[in-house]
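Note sheet for the following structure.
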Amino acid sequence: ALPDSDDLIVPVVRNADELSIEGMAVAIADLAIRARERRLKVEDVQGGTVTLTNPGMFGGLTGTPILNQPQVAILGVGAIVKRAVVLDDDSIVPRSMMTLSLTFDHRAADGMAAFKLLGRLRAHLEAIGDRV
């Protein structure tokens, strides 16, 4: 959503599957700047397959994102908050946690594949968090 209006714009990160998380952040930042400055081209908003939405930036912990056809999935990223986590040794420690929600079109993606993707994303984000 553009800050000075109620306009919603959904720019497309090209070849996102080839980018690292850092590369994705750079691409998203570039698109966000150009969107706010109203400098996007038509091709910058066409051809998307999966949308990322961030209710977390408004403090939302989770949401139920709705698909924007013809895209096949939308990933909702909630706010990062501290929570008590029980480790394997039954100790309780504070951890930064984030809820992910995935909506997908069963006509285009099998549920098992979609949830495997969500599991892989979770494992990847947890591994990054362990390094930070």
Side-chain angles (χ1 to χ4, degrees):
L2 297 175
D4 59 343
S5 70
D6 289 332
D7 295 340
L8 178 64
I9 189 97
V10 184
V12 176
V13 175
R14 302 281 174 211
N15 304 310
D17 60 324
E18 299 172 5
L19 298 175
S20 65
I21 289 196
E22 294 81 8
M24 185 86 68
V26 169
I28 290 170
D30 170 63
L31 287 166
I33 289 167
R34 290 191 290 129
R36 287 184 196 108
E37 294 173 353
R38 300 190 183 278
R39 292 188 300 114
L40 291 176
K41 299 175 184 168
V42 172
E43 57 267 19
D44 290 327
V45 296
Q46 292 180 333
T49 55
V50 178
T51 299
L52 177 67
T53 187
N54 184 7
M57 71 183 288
F58 303 107
L61 298 178
T62 188
T64 306
I66 303 298
L67 284 175
N68 182 22
Q69 297 294 339
Q71 297 188 15
V72 297
I74 183 167
L75 176 69
V77 181
I80 298 172
V81 296
K82 291 279 188 184
R83 292 199 178 127
V85 175
V86 179
L87 300 180
D88 290 337
D89 65 359
D90 287 338
S91 61
I92 300 173
V93 296
R95 290 286 191 261
S96 295
M97 304 290 289
M98 173 178 63
T99 300
L100 301 174
S101 55
L102 180 66
T103 302
F104 58 94
D105 186 338
H106 274 282
R107 296 170 295 180
D110 181 270
M112 182 176 67
F115 290 118
K116 280 185 176 180
L117 169 69
L118 195 57
R120 287 178 56 206
L121 177 59
R122 174 187 169 195
H124 185 69
L125 292 172
E126 286 175 349
I128 290 171
D130 289 343
R131 292 194 312 251
V132 177

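The structure displayed is predicted, hence computed values, not measured ones.
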For Thr49, give me all partners under side-chain contact (heavy atoms from CB on, under 4.5 Å), at least two apart in sequence or on another chain. none
Of all pairs that satisfy ring-ring contact (aromatic ring centres under 6.0 Å, His included), the ones with a partner from residues 48-105, not counting sequence neighbours: Phe104-His106, Phe104-Phe115
Acceptor/donor pairs from residues 69-79 side chains to any protein atom, 3.5 angstrom cut, sequence neighbours excluded:
from: Gln71; atom 1: OE1; to: Thr51; atom 2: N; distance (Å): 3.4
from: Gln71; atom 1: OE1; to: Thr51; atom 2: OG1; distance (Å): 2.0

Could you identify which residues cluster with Val26, counting Ile, Leu, Val, Met, Phe, Trp and Tyr as linked when any side-chain heavy atoms lie under 4.5 Å apart, either directly or through a chain of such contacts? none
Which heavy atom of Asp90 sits nearest a heavy atom of Val86, and at what distance? CA-CG1, 3.9 Å
Contacts of Thr64 that satisfy side chain to side chain donor-acceptor pair (under 3.5 Å) - sequence neighbours left out: none
With a cutoff of under 4.5 Å between side-chain heavy atoms, which Ile, Leu, Val, Met, Phe, Trp and Tyr residues group with Val12? none
Under 4.5 Å between side-chain heavy atoms, chaining through other members, with only Ile, Leu, Val, Met, Phe, Trp and Tyr counted: pull out the rest of the cluster around Val81, sorted by chain and number. Leu61
Which pairs of donor and acceptor atoms, one on a side chain in residues 29-43, lie under 3.5 Å apart (sequence neighbours left out)?
from: Asp30; atom 1: OD1; to: Arg34; atom 2: NE; distance (Å): 3.4
from: Asp30; atom 1: OD2; to: Arg34; atom 2: NE; distance (Å): 3.2
from: Asp30; atom 1: OD2; to: Arg34; atom 2: NH2; distance (Å): 3.1
from: Arg34; atom 1: NH1; to: Asp44; atom 2: OD2; distance (Å): 2.9
from: Glu37; atom 1: OE1; to: Arg39; atom 2: NE; distance (Å): 2.6
from: Glu37; atom 1: OE1; to: Arg39; atom 2: NH2; distance (Å): 2.9
from: Arg38; atom 1: NH2; to: Asp4; atom 2: OD1; distance (Å): 3.4

If you link I, L, V, M, F, W and Y whenever their side-chain heavy atoms are under 4.5 Å apart, who else ends up in the same group as Val93? Val85, Leu87, Met97
Applying side chain to side chain donor-acceptor pair (under 3.5 Å) as the test, list every pair that has at least one member in residues 109-123; sequence neighbours left out. Arg122-Glu126
Kindly write out the residues that satisfy side chain to side chain donor-acceptor pair (under 3.5 Å) with Asp88, not counting sequence neighbours, or none if the list is empty. none
In this structure, would Leu117 and Ile128 fall into the same cluster of hydrophobic residues linked by side-chain contacts under 4.5 Å? no
Could you work out, with side chain to side chain donor-acceptor pair (under 3.5 Å) as the rule, every residue matching Gln46, not counting sequence neighbours? none
